[in-house]
Trainee: 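Pasting a structure here, questions to come.
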Amino acid sequence: MQQKLLAALQKFWRGFLAFTPGQKVVTGAAVAALVIGGFLFSSWAAKPSYAPLFTNLAPADASGIIDKLNANKTPYQLAANGTEIMVPSKDVYSLRLTMSAAGLPSSSTSGYSLLDQEGITTSDFKQHVDYQRAIEGELDKTLQAINGVQTAAVHLAIPAATVFDDGTDKPTASVLLTTQPGTTLSANQVQSVVNLVSSSVPGLTADQVSVSDSTGKVLSSSGTDGGDQASADSRTAAMALYDKQQDATVQAMLDKLVGVGNSVVTVNADLDYDKKTSNSVNYSKATGVPPLSQSGSTESYGASAGKSGAVLGSVASNPVSSASPAASGAGPYVSTNNVQDNAVNQISESASAAPGSVRKLSVAVLLDKNAGPIDVAAVQKLVSSAVGLNPARGDLLSVQAQPFNTSQASAAAAASAAAAKAAAAAKSKAAFMSMLKTGAIVLLILAIVIATFIMNRKRKKNEDLPDDLDTFLSTLNDSPGSLPPAPRDIVPPQNREAAINAARKRDLAEMADAQPQEVARLLRGWLNTKES
């Protein structure tokens, strides 16, 4: 096996030595490129992919974790300004367990873990301070989970509870936020920060929370709950959206009428965001329903009572009976009283007006007079119908036809056309240069191939006997053998170059490759025949 491998290597080396200088250079470059490419690919494939081990680390925790990784000789990378540690993906979970067993990252400086260190001998003051620090630490972690917030610092001022507390001292809070680069918190996000902090501390109201960012800008001041700013932003966004929709509706209609670019529409809407609630109660008689309660009384006095001289029946004591026939003894006195409580239908209605109704609408339309004859009255009617104009609430509509100034548009169009032309020319030139380079490379490759082919043809015509024949001649042993006499047309004459052509060389080389021992014996017989 070793001899065959050595023979194959010797054959390959002889074949390489038979190359022309150009072929040797190309072969060497190809082998070098293959080796370098294999080395780079193996390096890239062997390079591990990294994944986050921990993020948002405190400097002390990051230092402890790095020391542990260095002790274990584990590769790592730092990211996010040193607050994030990256390790090979395959080791993430095992390293997290290892760090957890070592107590890293340590959370003993913030959060509710501070309360784990409390003992039975801890003073009330220290308990109060630790409780406040624990809430601050938990709020820091909570606020950092908001999208766009990089770090957060919460400071609480919680008055101590005493028996003399009359409830006038209220807790307050201040929040400092550091946002990620290029990030601005919206009013709704600031309102979320205020609500989270105020809802996490007993007795803390939203108007006692102030929020600032790292640049010193006040996002929410104390005395306001932040809802006014969020509501104002929402109203502004809603009004802008309404105006944009109305503009697009009228503009699309006018583009169909006077052509694109021949009209400009501006809509300014005043939306009513006042909260209105109305309550009303209506009462009506219930028909067909028996009375809820009923009472009555009757008084009757006869003629005998008047004659008896009783006080109640006398004319002086009872003016009503004095006007009755009983006073003259013509008949009795009768008084009847009947009281009924009837059922009453009661209807209570409560209505709340939805915010966002149009309070006033102003529309301005400008038409290009150069576009052709325009019926302004018709345009007014169309626009009024499109936007739902209501003159009763004070809506305004103004339509005017004026010649447009198209100098800037023409200049912009000319500049755009010139830029497009220059871009097309540059693209065409780049394409031509690319084609030229490609053609030059192709021609160079063809020239190399043709030159190599011509040089190979020339070398084949001028080369001597094959190297295989020289090898067989040098390795002939001295053992005699019985061989038939060699044909005279194969025995080389004195002038080999004129007698041996390329076809016989190829046949002799193929025979030597197929049956080396037989060829060696045949050559030995030829030599013996020539000497004799």
Side-chain angles (χ1 to χ4, degrees), residues 51-66 68 76 78-87 92-93 95-118 122 126-158 171-206 208-220 222 225-226:
L53 178 63
F54 295 107
T55 59
N56 295 327
L57 290 171
D61 292 336
S63 177
I65 293 174
I66 290 175
K68 191 71 174 178
Y76 65 90
L78 295 178
N81 298 325
T83 61
E84 181 176 338
I85 299 179
M86 311 283 288
V87 296
V92 169
Y93 300 106
L95 288 175
R96 286 179 181 175
L97 294 176
T98 302
M99 297 301 167
S100 178
L104 296 172
S106 175
S107 58
S108 59
T109 58
S110 64
Y112 287 125
S113 59
L114 282 172
L115 303 179
D116 297 336
Q117 303 175 2
E118 299 289 341
T122 305
K126 189 176 186 306
Q127 289 180 354
H128 177 76
V129 172
D130 289 344
Y131 174 71
Q132 182 172 325
R133 290 176 57 195
I135 295 180
E136 291 176 350
E138 293 297 329
L139 287 175
D140 291 345
K141 298 176 184 178
T142 303
L143 297 182
Q144 289 176 7
I146 297 177
N147 187 21
V149 177
Q150 186 173 359
T151 59
V154 179
H155 301 281
L156 300 176
I158 303 176
T172 60
S174 60
V175 182
L176 179 63
L177 301 177
T178 301
T179 59
Q180 296 177 356
T183 302
T184 302
L185 297 180
S186 63
N188 291 329
Q189 288 178 312
V190 175
Q191 178 65 21
S192 299
V193 171
V194 173
N195 292 338
L196 285 172
V197 175
S198 61
S199 301
S200 301
V201 180
L204 180 62
T205 57
Q208 297 299 322
V209 179
S210 62
V211 182
S212 302
D213 61 5
S214 57
T215 62
K217 179 181 178 181
V218 178
L219 303 179
S220 179
S222 178
D225 58 357

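Remember, it's a predicted structure, so these values are computed and weren't measured experimentally.
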Trainee: Report the distance from atom CG of Leu196 to atom CD of Gln191, rounding to the nearest 0.5 Å.
Mentor: 10.0 Å
Trainee: Is the shortest side-chain heavy-atom distance between Leu219 and Asp213 below 4.5 Å?
Mentor: yes
Trainee: Test side-chain contact (heavy atoms from CB on, under 4.5 Å) on Val201 and Ile135 and set out the steps.
Mentor: CA-CA 8 Å; Val201 180; Ile135 295 180; 4.1 Å; yes
Trainee: When rounded to the nearest 0.5 angstrom, what distance separates OG in Ser200 from CD in Glu136?
Mentor: 12.0 Å
Trainee: Please report the interatomic distance CD1(Ile158) to CD(Gln132), rounded to the nearest 0.5 Å.
Mentor: 4.5 Å
Trainee: Examine distances only and state if a side-chain atom of Asp61 and a backbone atom of Gly64 form a donor-acceptor pair shorter than 3.5 Å.
Mentor: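 Between the backbone of Gly64 and the side chain of Asp61 there is no qualifying donor-acceptor contact (under 3.5 Å).
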Trainee: Indicate every side-chain donor-acceptor pair of residues 175-182 with a distance under 3.5 Å to a residue at least two apart or in another chain.
Mentor:
residue, atom, partner, partner atom, Å
Thr178, OG1, Thr151, OG1, 3.2
Thr179, OG1, Thr183, O, 3.3

Trainee: Okay, side chain of Asn195, backbone of Ala206: is any donor-acceptor separation there less than 3.5 Å?
Mentor: no
Trainee: What's the spacing between Leu53 CG and Arg96 CZ if we round to 0.5 Å?
Mentor: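 Reported value, rounded in 0.5 Å steps: 6.0 Å.
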Trainee: For Leu185, run the side-chain contact (heavy atoms from CB on, under 4.5 Å) check against Val149, Asn147, Val211 and tell me which one passes.
Mentor: Val149
Trainee: Tell me yes or no: between the side chains of Ser186 and Asn188, is some donor less than 3.5 Å from an acceptor?
Mentor: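 Distance-only check fails for Ser186 and Asn188.
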Trainee: Taking it one step at a time, do Ile85 and Phe54 satisfy side-chain contact (heavy atoms from CB on, under 4.5 Å)?
Mentor: CA-CA 6 Å; Ile85 299 179; Phe54 295 107; 5.6 Å; no
Trainee: Would you call Val154 and Thr142 a side-chain contact if the rule is heavy atoms closer than 4.5 Å?
Mentor: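 Side chain of Val154 against side chain of Thr142, heavy atoms only: no contact under 4.5 Å found.
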Trainee: Report the residues that fulfil side-chain hydrogen bond (donor to acceptor under 3.5 Å, both in side chains) with Thr184, sequence neighbours left out, ordered by chain and then residue number.
Mentor: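 For Thr184, no residue satisfies side-chain hydrogen bond (donor to acceptor under 3.5 Å, both in side chains) once neighbours in sequence are set aside.
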Trainee: Between atom OG of Ser214 and atom CD of Gln150, what is the distance when rounded to the nearest 0.5 Å?
Mentor: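 The OG atom of Ser214 sits 8.5 Å away from the CD atom of Gln150.
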Trainee: Checking the side chain of Glu84 only, and the main-chain atoms of Pro52 only, is there a donor and an acceptor separated by less than 3.5 Å?
Mentor: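 No, because the side chain of Glu84 does not come within donor-acceptor range (under 3.5 Å) of the backbone of Pro52.
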Trainee: Output the distance between atom NZ (Lys68) and atom CE (Met99), rounded to the nearest 0.5 Å.
Mentor: 7.0 Å
Trainee: Go through the structure and list residues passing side-chain hydrogen bond (donor to acceptor under 3.5 Å, both in side chains) with Ser199, not counting sequence neighbours.
Mentor: none
Trainee: Please report the shortest heavy-atom distance between Leu204 and Pro171, naming the atom on each side.
Mentor: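 What the structure gives for the nearest pair is CD1-O, 2.9 Å.
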